[in-house]
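Hydrogens, waters and symmetry mates are skipped; everything else that's a heavy atom, side chains included, is used. Every chain is numbered from 1 and lettered A, B, ... according to where its sequence line falls, protein lines coming before strand lines.
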Protein chains: 2
Amino acid sequence: MNRIKEIPLFSKLSDKNVKRLEAISYFKKYNTDEILFYEGEKPGILHVLIDGVLKLYKTNAKGQEIYIHQFVPPALVGELANFENMKFPATAKFVIKGEVLKIDFTKLEKDFFKNPEICMEIIKSLTKKVKILSNVIHQEMILTSEAKIAKFIVEHPNLFKTVKNIQIAAILNVSPETLSRTLTKLKKEKYITIDKEYNVTILNKVAITALYK
Amino acid sequence: MNRIKEIPLFSKLSDKNVKRLEAISYFKKYNTDEILFYEGEKPGILHVLIDGVLKLYKTNAKGQEIYIHQFVPPALVGELANFENMKFPATAKFVIKGEVLKIDFTKLEKDFFKNPEICMEIIKSLTKKVKILSNVIHQEMILTSEAKIAKFIVEHPNLFKTVKNIQIAAILNVSPETLSRTLTKLKKEKYITIDKEYNVTILNKVAITALYK
DNA sequence: CGTGAAATTGACTAAGTTCAATGGCGGTGG
DNA sequence: CCACCGCCATTGAACTTAGTCAATTTCACG
């Protein structure tokens, strides 16, 4: 069984190339809360997330975690730092234990990327990332707290059932107090209702959508 | 003279492919303050900046321009929206009049991107973009106004001579008042001096760097 | 010089965070 | 079975950061 071939990014690789890749890579498992890499670290290894959930965040001057994104497999992680020979711009921590394929980037010859199939996969990954970052910028620089929360409610109404408000607040980079206050405000204005089981029902979709569109 | 061949992105194209590209593209000049595209618009055209300076910004609920980046040639602009078939996430306006090559993206066959040289150029462009957005996020979500200004002083001390403070404030997404106040504060603390000709001299590099590192 | 834009300064406002107190609720152990 | 404990949610009040508004000064340039 060859696990590398199962990774979409490398599924179209020739056997010869798979061998080359195997020689310079290895799999490693991580437990929840383990750090894959820290912001500011120099890479040298290209990471491919195979299993688990990986949270990407930055740390501000007060030491608080600023949420950026969560990766689910399969995902190329931190490739920018490798390609550009720069430090990791954020920290990656496992929220749910998982596994990564670690590739020695320095040994990865450039002609590897000449393979059109690989190129396309990298383009896809980078495109995804530009999109993610673009959304982060929109969410954090353009939307107010209320708008962020309204958007989250419309896009993930079900998450309130499974995820504690304190964690939703963290994902939205908003204090739990602000989330609480905003939810009560939206309830008062009859835009939503929330029952005992944290089922969120949107009563006035037009109005709530208008808050962020 | 073939202008397409002069564009780095396409310099390695075969004559045949250049012909194909010519058939589905054209050059267009823009004056200062003209808009190349608006945030929210659907693309359909792939833009390559050939000449001039293009400012990318988003607009918040109050109608204010939130500065993202300025492009100088050569640059692929707004390709994300094309690749992902989504709306432009920001507005692009010419700050200095210029010219773009406009390519009909719908007619651009996918096999065009199979060309490894083109692929590499696209990867380069996307990488650059991830880096830009990553910096924007750092600047706007992690740094305080003071830190942003300190960083700008260290990285571009000479710009104060040529660019008005009001424009620097716009680039930093800070009000002119905040910039003014912060500069006087830094002068009071003897971190910098600014003479009549707007020459900024850093007196205490360690201290000023510590404000954002 | 005079004029208009830019810079400065002070007072106020807005948005959201922080801090602290309180209340609810579920799980646990006697 | 119930009392207790700890976590989470809620609420009010103070605080912080930066933006806004307005008045004044400075400055470049015709």
Without decimals, in angstroms, what is the distance between Ile142(A) CD1 and dA15(C) P?
16 Å
Neighbour count above 12 (heavy atom, 6.0 Å) for Phe27(A) CZ
yes
Parallel, tilted or perpendicular, judged at 30° and 60°: which one describes the rings of Phe160(A) and Phe152(A)?
perpendicular
Rounded to whole angstrom units, what separation is found between the NZ atom of Lys164(A) and the P atom of dG26(C)?
13 Å
Rounded to whole Å, the CG-C1' distance (Asn60(A) to dT16(D)) equals 14 Å
So, does Ser145(A) get its side chain near the phosphate of dA15(C), meaning an N or O under 4.0 Å from OP1 or OP2?
no
Taking CD1 from Ile166(A) and P from dG24(C), how many angstroms apart are they, rounded to a whole number?
19 Å
Do Glu22(A) and Asn2(A) have side-chain atoms, one donor and one acceptor, less than 3.5 Å apart?
yes
Length of the CG-C1' vector between Leu172(B) and dA18(D), whole Å
14 Å
List the protein contact pattern of nucleotides 20-30 of chain D with one symbol per nucleotide (5' to 3'): B for base contact, S for sugar-phosphate-only contact, - for none; contact means a heavy-atom distance under 4.0 Å.
BBB----S---
Salt bridge (charged side-chain N to carboxylate O under 4.0 Å, His left out), paired with Lys93(A), selected from Glu34(A), Glu65(A), Glu39(A)
Glu65(A)
Length of the CE-P vector between Met141(A) and dG16(C), whole Å:
15 Å
Give me each pair satisfying salt bridge (charged side-chain N to carboxylate O under 4.0 Å, His left out) with a member in residues 156-181 of chain B, each pair once, sequence neighbours excluded.
none
Give the rounded distance in Å between these two atoms: CD of Gln167(A) and P of dA9(D).
9 Å
Do Lys55(A) and Tyr57(A) form a cation-pi contact, if we require the NZ or CZ to be under 6.0 Å from the six-membered ring centre and within 45 degrees of the ring's axis?
yes
Expressed in angstrom and rounded to an integer, what is the separation of Leu211(A) atom CG from dA15(C) atom P?
14 Å
